[in-house]
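Chain naming here is simple, since letters A, B, ... match the order of the sequence lines and numbering starts at 1 in each.
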Amino acid sequence: MRLATWNVNSVKARLPRLLDWLADKRPDVVCLQETKCAADAFPAAEVAELGYETAAHGDGRWNGVALLSRVGLDAVTRGFDGDPGYAGEPEEGGEALFPVSDGPPPKEPRAIGATCAGVRVWSVYVPNGRVPDHPHYHYKLQWLAGLRDLVAAELPAGPFVVCGDFNVAPTDADVFDPAAYVGQTHVTPPERAALASLHELGLRDLVRERWPDRRVFTYWDYRAGMFHKDLGMRIDLLLGSEELAGRLKAAWVDRHARKGTLPSDHAPVIVDLDEAPDGDIGPVVPPPSNPVTKRGAKKLPQA
DNA sequence: ATGTCCCAGTCTCTGGGA
């Protein structure tokens, strides 16, 4: 199974590139974030032409997540119980946009789950946090605590992976220069502790395990030639269960998708998993003998 | 690094978010 995650920064703006990328990479399951698209406006017909089913969760201008699969898409779940919702920021006078008296603050479309070929897959877009101690930062930490509860509930059931834009760089090795991020979000101890709590439940960082010592980034600011200078962060993660980590065959960031005309500011991250140990991979048939020579391929015997 | 891109509404510019 080839599994990918990509913060596309608007699926409508990125549609031509997304379709070309799907046709080229042929992932089996794709987690998308920042689709910035209402669920009923998602370009499902366009991706269906490439063989993908769609499950989308979005309400318009901001956020939005989706799952694409060509290996089945069952038991779709939009959002999760522990999502705290966001009350908005206080006005100058101190009134929240959604006071407590109006009930719980509304949940944003930041998570969608489905079962694809026996694997429980979640696409998540973790709140950005803006700056440390901002209301949005506390929302981010509460949201990650809710995600931890979701993982704790679902992880024991079988193969599980949560993929997406976590807006947290797990370690200092995941940013181009730790000094550049002092006083900023994405690197603070509480954010990293929230991520670590997911690992304590048993989730494994598939890309970092495959490349323990590599400089690997998935996001580069549009400004100041950051991509060209490879000044980025690794904040797009695939966190898989023990069973999936054992099936890991390859993991990489598709930097090519960050180049050229009108890219997202994030690159897709792709992992290839071997078949499940008990999966039926079909009869074992030796390949035809067809050695390539300087004069071209030898003709196969006629049937 | 504060250099760009995206969205919707105020709609051919602006403000907010990242």
Side-chain angles (χ1 to χ4, degrees), chain A residues 5-19 21 31-43 56-66 85-92 96-98 105-111 123-141 143-144 164-169 172 174-188 191 215 217-237 253 255-269:
Chain A
T5 186
W6 192 7
N7 178 325
V8 289
N9 187 13
S10 169
V11 71
K12 290 178 197 166
R14 217 63 60 211
L15 188 59
R17 291 192 68 130
L18 174 64
L19 296 176
W21 179 82
C31 302
L32 300 175
Q33 303 86 37
E34 280 208 88
T35 54
K36 297 185 175 179
C37 179
D40 60 6
F42 193 95
H57 185 31
D59 59 15
R61 183 175 185 180
W62 305 118
N63 313 307
V65 287
Y86 187 49
E89 288 144 47
E91 303 287 352
E92 291 296 320
L97 293 179
F98 296 94
K107 298 185 181 187
E108 299 176 316
R110 293 181 175 274
S123 174
V124 300
Y125 176 48
V126 176
N128 172 284
R130 304 201 183 139
V131 292
D133 277 337
H134 188 280
H136 206 259
Y137 175 84
H138 296 292
Y139 164 49
K140 179 181 195 174
L141 295 177
W143 198 94
L144 283 166
D165 178 358
F166 283 78
N167 271 316
V168 180
D172 280 354
D174 299 304
V175 300
F176 75 90
D177 179 8
Y181 289 94
V182 171
Q184 298 200 37
T185 56
H186 296 55
V187 299
T188 66
E191 291 168 277
R215 175 183 172 102
F217 300 141
T218 65
Y219 160 83
W220 302 260
D221 198 298
Y222 282 123
R223 296 167 288 191
M226 298 287 272
F227 177 70
H228 183 68
K229 292 181 273 191
D230 196 29
L231 304 180
M233 317 175 77
R234 190 175 72 94
I235 56 178
D236 299 274
L237 311 174
V253 177
R255 286 174 48 93
H256 182 73
R258 180 61 176 78
K259 303 175 184 175
T261 307
L262 294 176
S264 170
D265 42 1
H266 297 249
V269 190

A:Tyr137 OH to B:dA18 P, in whole Å, measures 16 Å
Going 5' to 3' through nucleotides 2-12 of chain B and flagging B where a protein heavy-atom sits under 4.0 Å of the base, S where only the sugar-phosphate is that close, and - otherwise, we get BBBSSBB----
Tightest non-hydrogen contact, residues A:Gly183 and A:Pro132, listed as O-CD, 3.4 Å
Rounding to the closest angstrom, what is the interatomic distance between B:dA1 and B:dA18 at atom C1'? 14 Å
Rounded to whole Å, NE2 of A:His136 lies from P of B:dG17 at a distance of 8 Å
Applying side-chain contact (heavy atoms from CB on, under 4.5 Å) to A:Pro268 and not counting sequence neighbours gives A:Trp6, A:Trp21, A:Asp254, A:Ala257
task: Give a yes or no on whether the backbone of A:Val168 and the side-chain of A:His186 come within a donor-acceptor separation of less than 3.5 Å.
output: no
In whole angstroms, the gap separating C1' of B:dG17 from CZ of A:Arg110 amounts to 11 Å
Check: How far does the C1' atom of B:dT2 sit from the matching atom of B:dG16, given to the nearest Å?
Finding: 16 Å
Worksheet entry | A:Thr5 side-chain N/O to A:Val269 backbone N/O, donor-acceptor pair under 3.5 Å | no
Rounded to whole Å, NE2 of A:His228 lies from C1' of B:dA1 at a distance of 14 Å
Item to check | Euclidean distance for C1', B:dT10 against B:dT4 (whole angstrom) | outcome: 22 Å
Result block: side-chain N/O donor-acceptor pairs under 3.5 angstrom for residues 229-237 of chain A, not counting sequence neighbours:
unit_1   : atom_1 : unit_2   : atom_2 : d
A:Lys229 : NZ     : A:Ala224 : O      : 3.1
A:Asp230 : OD1    : A:Trp220 : NE1    : 3.0
A:Asp230 : OD1    : A:Arg255 : NH1    : 3.1
A:Asp230 : OD2    : A:Arg215 : NE     : 3.0
A:Arg234 : NE     : A:Asp174 : OD1    : 2.7
A:Arg234 : NH1    : A:Asp205 : OD1    : 3.1
A:Arg234 : NH1    : A:Asp205 : OD2    : 3.3
A:Arg234 : NH2    : A:Asp174 : OD1    : 3.3
A:Arg234 : NH2    : A:Asp205 : OD2    : 2.8
A:Asp236 : OD1    : A:His266 : ND1    : 3.3
A:Asp236 : OD2    : A:Thr218 : OG1    : 2.6
A:Asp236 : OD2    : A:His266 : ND1    : 2.8

Between OH of A:Tyr181 and P of B:dA1 the distance, given in whole Å, is 10 Å
Q. Do A:Asn9 and A:Tyr222 have a side chain donor and acceptor closer than 3.5 Å?
A. yes
query = Contact class for A:Tyr125 (heavy atom, under 4.0 Å): base, sugar-phosphate, or nothing?
reply = sugar-phosphate
Notebook entry, point to check: Do side-chain atoms of A:Lys36 reach the backbone of A:Ala13 as a donor and acceptor pair under 3.5 angstrom?
Noted result: no
A:His266 atom NE2 is separated from B:dA18 atom C1', nearest whole Å, by 8 Å
(Q) Can you check the distance between B:dT12 and B:dG17, where both ends of the measurement are the P atom (answer in whole Å)? (A) 23 Å
